[in-house]
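I have placed the structure first, in the form of structure tokens, so that the comments after it can refer back to it.
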There are 2 protein chains.
Amino acid sequence: MIPVKAYAAYNEKDPLAPFEFKRRALGENDVQIEIAYCGVCHSDLHQARNEWGGSMYPMVPGHEIVGKVIAVGAKVTNFKVGDTAGVGVMVDSCRVCKNCQRDLEQYCVEGMTGTYNAMERDGKTVAQGGYSTQIVTDEKYVLHVSDKLDLKAVAPLLCAGITTYSPLRYAGVTKGMKVGVVGLGGLGHMGVKFAVSFGAEVTVLSTSPSKEADAKKLGATNFLVTTDAEAMKKYNGYFDVILDAISANHDYTKYLDLLDIDGKLLVVGLPSEDPKVSPFSLITNRRSITGSMIGGIKETQEMLDYCAEKNIVADVEMINMQDINNAYERMLKGDVKYRFVIDIASLKK
Amino acid sequence: MIPVKAYAAYNEKDPLAPFEFKRRALGENDVQIEIAYCGVCHSDLHQARNEWGGSMYPMVPGHEIVGKVIAVGAKVTNFKVGDTAGVGVMVDSCRVCKNCQRDLEQYCVEGMTGTYNAMERDGKTVAQGGYSTQIVTDEKYVLHVSDKLDLKAVAPLLCAGITTYSPLRYAGVTKGMKVGVVGLGGLGHMGVKFAVSFGAEVTVLSTSPSKEADAKKLGATNFLVTTDAEAMKKYNGYFDVILDAISANHDYTKYLDLLDIDGKLLVVGLPSEDPKVSPFSLITNRRSITGSMIGGIKETQEMLDYCAEKNIVADVEMINMQDINNAYERMLKGDVKYRFVIDIASLKK
């Protein structure tokens, strides 16, 4: 067993606090990673506070993990000591169902094993995440990370990156398409970067006029203030695709109305209340709403390789592990550009 | 001008009553049709009673129209006197926008012209529907009807038929696919017939166990009682496609949960309250909700030709024009198998 330092939520109310626990001993297919950085995802907060129900405590959140391989099991073929590696939102799945076989492990028929707040497939070990000094993961669920990129800014690619890359690819976003992005946070800002890199004309939709300069800096061509009824009217039926990365409560109709023929609203944000949708807006222009959950391991690797090639990383603000509770509060206010990343070195002090 | 007898809603409260008005004189591109039968669509009732807002009175409902061509304008090339013909949900559109150019006139950028409760494109004539003895329509919006089929049972194909045919085709329903149909009424029963004819394994979902025998008679393989939580659980993640033809208020999540990877909930029912949808259900299995509104003229003709080839018609119950108000009440109770069709001969007495 491998002792590690961590930060954990001990229950749904109290702030996260130091925690020590043991990782499993290195199995023959396992990779042992010394974690350098871990991104802070809104779902960390949702789960730490049991906002989705079913949380298991103590919980070590974190599923945007990057670091160095420090040991590999006897049968590991794809990683060696010294490699830069990452672990994302899942660490296992059944591996045999039709979805696993099609590299869609995130939709495993038996349910994927989350990186934390989940039971491992041995039925007794609780998976713990990246707010910790090390992680031990089967190599099939470990990603290669290029050394060309700034490692701390790579961490958010493991969740925010793949969560936006996958649906934009699935929707066939390509040169000249009109893409809207709603919710300019950790997910949304990656959505803008990817859609721009695919050649789309990107519009950021926001309630805050103050975000326009930032949107343009990220590569957006247009900026649309969603509280401006006149401006919204002009964009009625305009977009081919809108990426909805809003985690606050909202309804879908307002954005659906902006879609052109066969337009797609891609849902990746997870508000706690179920949004409403107008069937009249759906049948107009044959519009769709499509959900998407992270991406498979193969596609996540493809995304990381694409980012290395195109020099795409997240915009991050570094914090120490000890700042996590304050970071959660700031995240709730949208006060971060655009992703907090924990310097795990701070945990070792 | 052409005098016609009709039944109209004079306001949102009173029963429909006799009405006489004049159709436009035959234009050079027009076809004049002596109406034989007109189907009764739930949207006739919604609009007669102003349940969707914006109704124009007096209103002659009816957009499932079949009859005989009795005159054609000088430039008409596609129809001749004596032809059996139909008129569906639209009688005009802008004809030049990108959607009209792609045979998707129902999604005309300027808005299609509905067969009734709509302003014609001259900006002054109110379009009036098929609860009348004759109709005059531009030949581009008139359909050919095969004499091989029972004409009175063809009428509902013009709305209920194309409304279900088009989304099932768009979703690529084919041999071996698992298709669910919710809402076994005028639309739903056509959805079952089409999905069966495309080779799908069809399941009817209903709150009423009493509908099982009828569902099987229509060709369904399975029947699922949606109030039976255990049975519903077994179908979790089962379907490739579910056609939602419910016009009563409901939420989408219950049906979404039944969809397999990349499954599609096809929305053609139009409840008056906006349904809710769980984003968690959407992101599981990368599910979609897609709306669909009737079909273009080209596809409507394709559907009618397909029905003639496969011998598909609606199951109808004939009524006289004078029975329309009672028929509306029975339709509200779901007491019809599956479509009322008005024998327009009764209007001439």
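Heavy-atom basis, side chains included; hydrogens, waters and symmetry copies ignored. Residue numbers start from 1 in every chain, and the chains themselves are labelled A, B, ... in the order their sequence lines are given, proteins ahead of strands.
- A donor-acceptor pair under 3.5 Å links the side-chain atoms of A:T253 to the main chain of A:S278, judged by distance alone.
- Within the 4.5 angstrom heavy-atom criterion, atoms from both the backbone and the side chain of A:R286 approach chain B.
- Counting heavy-atom pairs under 4.5 Å between each of A:I283, A:V109, A:D260 and chain B puts A:I283 at the top.
- With B:T115 contributing its side chain and B:V89 its backbone, the two residues share a donor-acceptor pair below 3.5 Å.
- Note on A:N285, A:D244, A:T284: by heavy-atom pairs under 4.5 Å with chain B, the leading option is A:N285.
- Highest contact tally toward chain A, considering only B:N99, B:V268, B:I261, is held by B:I261 [criterion: heavy-atom pairs under 4.5 Å].
- Classification of A:R339 and A:E64 as a salt-bridged pair holds, one side-chain N sitting under 4.0 Å from a carboxylate O.
- The aromatic rings of B:H189 and B:Y338 sit parallel to each other, their planes meeting at less than 30°, with 60° as the upper class boundary.
- Counting heavy-atom pairs under 4.5 Å between each of A:K276, A:K264, A:R102 and chain B puts A:K276 at the top.
- B:R169 forms a cation-pi arrangement with B:Y306, by the criterion of a distance under 6.0 Å to the ring centre and an angle within 45° of the ring axis.
- Counting heavy-atom pairs closer than 4.5 Å to chain A, the top-ranked of the candidates B:Y252, B:Y170, B:W52 is B:Y170.
- For a residue to count as touching a neighbouring chain, one of its non-hydrogen atoms must lie under 4.5 Å from one of that chain's; by this rule A:P167 does not touch chain B.
- Proximity to chain B (any heavy atom under 4.5 Å) is shown, for A:I294, by neither the backbone nor the side chain.
- Put simply, the side chain of B:L104 reaches to within 4.5 Å of the side chain of B:Q106, judged on heavy atoms.
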